[in-house]
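Only a predicted model underlies this, so the values are computations on that prediction, with no experimental measurement involved.
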Amino acid sequence: MTATTARTARTARTARTRSEALFAEARQLIPGGVNSPVRAFGGVGGTPLFVERGEGAYVWDADGNRYLDYVLSWGPLILGHAHPTVVAALRDAVARGTSFGAPTALEIELARLIVEMMPSVERVRFVNSGTEATMSALRLARAYTGRPKIVKFAGCYHGHADALLVQAGSGVATLGLPDSPGVPAASVADTLSAPYNDLAAVEGLFERHRDEIAAVIVEPVAGNMGLVLPEPGFLPGLRGLCRASGALLVLDEVMTGFRVALGGAQARWRLDPDLTCLGKVIGGGLPVGAYGGKREIMELVAPAGPVYQAGTLSGNPLAMTAGLATLRTLRQPGVFDAIARRTAALVDGIRAAAAEAGVPVQAASAGTMFGLYLLKEDGRVIVDYASAKANADPARYGALFHALLARGVYLAPSQFETGFFSLAHGEDEVAATLEAVRAVFSGA
């Protein structure tokens, strides 16, 4: 082990009294004390970290404690925190102005880069969040097909639009809540749900609603019930069903885009979706979303066509700048492959440590994403939302989470979320993480 690794694994951490005080103050002003539910540590218990700064693979909390960060703002920071190229580009952009509400050349540059990297995307529209991207794509699918119904998968999260809060996984699963009060029954009446990885169930829905289904929307790698990989034939099977019935296939690559492969999950599994939803990486850490696809479909979007969608800050110059700097760096020879290789090494090491200690786990990776379930003693392989709820052990994961946090390793505060790797996570960081994991699994 290198000296750097040893220091990382044994860095002393003070009590998180400042975070506790800030959380108490925040709860007096913000519902639950947070502005997105999973941040509240509801899935693991305890007080959330209040982060003051990030650099490379690390974040520092309000008490000055340093942590190896595998949350990475839930995916956008594929180059790491405050990457010098992104920071320098943003400094220049801020000096020129933060927002104009008018077109800029930056939007064209980022659009061209996305079209080059994802051949299925012939036209793209920028929005401000993944929720905007998915709800806009489905509105467009309904307009293009003239049909009302959509098919989604239990445990796949596509944002918090009313029609999509049906067995939505992620924060809903973490908190043990119903999908959401305040969603009228009429809003979800045309949303059909099937188990992820169950092609036969989708075939049944098409048999019953063949001329009514506008689109199937899917996370190609499920990342909001924990990380679940698609089984062989599942994604191509969805493509075939949609083509046979005249429905559109919508890939929600908000999370997987440019993380599972340089061209997204569609490149890895050689898919040709009709529409693709993007976010996370294409903003380089700033709020952004996008939806794009075949020219004839996208030309229905206003002002080219009648399907209305708008946004004051859509395509704002700061998000476009950060996204361009991120994707251009990611495209450099060897960069993506290096991140993916170290992600796989981390997961292999976790599996080996668990096997040696007799700890039942399920760990997997896809490109630069990874997932870790702590299983019940009789737990079976997790392939969908129902098996995740039945076999994952939240109490065990919570104990692991806090034990690693005490050793300076910050995983997602729910085993129904996905972990992320960055260019800044090097071999030393992998070694330090595995040293901490082995210590926890062995009871040291």
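Contact check for Val409 versus Tyr67: no side-chain heavy atoms found under the 4.5 Å cut-off. Looking at Pro317 and Phe100, their side chains come closer than 4.5 Å, going by heavy atoms from C-beta outward. For the pair Val335 and Asp337, the minimum side-chain heavy-atom distance is 4.5 Å or more. A 4.5 Å side-chain heavy-atom check between Val221 and Trp269 finds at least one atom pair inside the cut-off. Counting heavy atoms from C-beta outward, Met255 and Asn224 have side chains that approach closer than 4.5 Å. Residues Leu324 and Leu113 form a side-chain contact, since some pair of their non-hydrogen atoms from C-beta on lies under 4.5 Å apart. For the pair Val440 and Leu400, the minimum side-chain heavy-atom distance is below 4.5 Å. Side-chain contact between Val250 and Val218 is absent, with no heavy-atom pair separated by less than 4.5 Å.
In this model, a donor atom of one side chain and an acceptor atom of the other lie less than 3.5 Å apart for Glu253 and Thr256. Side-chain N/O atoms of Gln266 and Thr276 include a donor and acceptor closer than 3.5 Å.
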I would like to know whether Asn316 and Thr98 meet side-chain contact (heavy atoms from CB on, under 4.5 Å); could you show each step before the answer?
-> CA-CA 7 Å; Asn316 74 82; Thr98 58; over 6 Å; no
Go through the steps to decide whether Val437 and Leu404 satisfy the test side-chain contact (heavy atoms from CB on, under 4.5 Å), and finish with yes or no.
-> CA-CA 7 Å; Val437 167; Leu404 289 177; 4.1 Å; yes
Ring pair (Phe, Tyr, Trp, His ring centres under 6.0 Å) between Phe234 and Tyr196: does it pass, once the steps are laid out?
-> CA-CA 9 Å; Phe234 176 63; Tyr196 185 77; 5.1 Å; yes
Working for ring pair (Phe, Tyr, Trp, His ring centres under 6.0 Å), residues Tyr410 and Tyr58 = CA-CA 9 Å; Tyr410 180 35; Tyr58 299 89; over 10 Å; no
Taking it one step at a time, do Glu417 and Trp74 satisfy side-chain contact (heavy atoms from CB on, under 4.5 Å)?
-> CA-CA 9 Å; Glu417 297 286 353; Trp74 302 101; 3.6 Å; yes
Would you sort out whether Leu192 and Phe206 count as a side-chain contact (heavy atoms from CB on, under 4.5 Å), showing the intermediate values?
-> CA-CA 10 Å; Leu192 309 173; Phe206 271 103; over 6 Å; no
Trace of the salt bridge (charged side-chain N to carboxylate O under 4.0 Å, His left out) decision for Arg328 with Glu109 = CA-CA 11 Å; Arg328 285 170 175 165; Glu109 292 179 46; 2.9 Å; yes
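Residues Tyr385 and Ala154 share a closest heavy-atom pair of CB-O, 3.3 Å. Closest non-hydrogen pair, Leu286 versus Ala322, comes out as CD1-CB, 4.0 Å. Closest heavy-atom contact between Pro76 and Ser73: CD-O, 2.8 Å. In this structure, Arg239 and Ala247 approach most closely via the heavy-atom pair NH2-O, 4.4 Å. The nearest pair of heavy atoms linking Ser414 to Val38 is CB-CG2, 4.2 Å. For the residue pair Arg396 and Leu374, the shortest heavy atom distance occurs at CB-CB, 3.8 Å.
For residues 277-295, every residue pair satisfying the side-chain hydrogen bond (donor to acceptor under 3.5 Å, both in side chains) rule, not counting sequence neighbours, is listed here: Asp272-Lys294, Tyr291-Gln309.
Aromatic pair Tyr373/Tyr397: centroids not less than 6.0 angstrom apart. Taking the six-membered ring for Trp and the full ring otherwise, the centers of Phe336 and Phe258 sit at least 6.0 Å from each other.
Between the side chain of Asp393 and the backbone N or O of Leu375 there is no donor-acceptor pair closer than 3.5 Å. In this structure, Ser136 contributes its side chain and Ala133 its backbone to no donor-acceptor pair below 3.5 Å. Formation of a donor-acceptor pair under 3.5 Å by the Ser365 side chain with backbone atoms of Thr343 is not found in this model. A donor-acceptor pair under 3.5 Å is formed between the side chain of Thr145 and the backbone N or O of Arg147. When atom types are taken as modelled, the side chain of His158 and the backbone of Gly130 share no donor-acceptor pair closer than 3.5 angstrom. The main-chain N or O of Ala403 is found under 3.5 Å from a side-chain atom of Arg407 such that the two form a donor-acceptor pair. For Asn197 (side chain) and Leu229 (main-chain N/O), a donor-acceptor pair under 3.5 Å exists by modelled atom type. Within the 3.5 Å criterion, the main-chain N or O of Ala89 finds no donor-acceptor partner in the side chain of Thr321. Between the Asp61 side chain and the Val51 main chain, no donor and acceptor come within less than 3.5 Å of each other. Listed for the His402 side chain is a donor-acceptor partner under 3.5 Å among the backbone atoms of Val44.
With values rounded to the nearest 0.5 angstrom, Phe126 atom CZ is found 10.0 Å from Leu106 atom CG. Between the CD1 atom of Ile78 and the CE atom of Met369 there is a distance of 10.0 Å, given to the nearest 0.5 Å. Between atom CE of residue Met225 and atom OG of residue Ser387 there is a gap of 8.0 Å, rounded to the nearest 0.5 Å. To the nearest 0.5 Å, the span separating CG on Leu271 from CG on Leu238 amounts to 9.0 Å. How far OH of Tyr157 is from OG1 of Thr134: 8.0 Å, rounded to the nearest 0.5 Å. Considering CG of Asp274 and CD of Glu296, their distance stands at 9.0 Å, rounded to 0.5 Å.
For the pairing with Leu241, the side-chain contact (heavy atoms from CB on, under 4.5 Å) check across Leu199, Leu205, Ile213, Val216 returns one residue only, Leu199. No option in Thr312, Leu318, Leu313, Thr104 other than Leu313 meets the side-chain contact (heavy atoms from CB on, under 4.5 Å) test with Ser99.
Heavy-atom neighbours of Arg210 CZ from other residues, nucleotides or ligands within 6.0 Å: above the threshold of 12. Remark: Tyr308 OH is loosely packed, at most 12 non-hydrogen atoms of other residues, nucleotides or ligands lying under 6.0 Å away.
Between Phe421 and Tyr70, the angle of the ring planes lies from 30° to 60°, which puts this pair in the tilted group.
Here Glu132 does not pair with Arg125 in a salt bridge; the nearest charged N to carboxylate O distance is not below 4.0 Å. Residues Glu116 and Arg331 are paired through a salt bridge, judged by an N-O separation under 4.0 Å between the basic side chain and the carboxylate. Glu427 and Arg342 are not joined by a salt bridge, as no carboxylate oxygen comes within less than 4.0 angstrom of a charged side-chain nitrogen.
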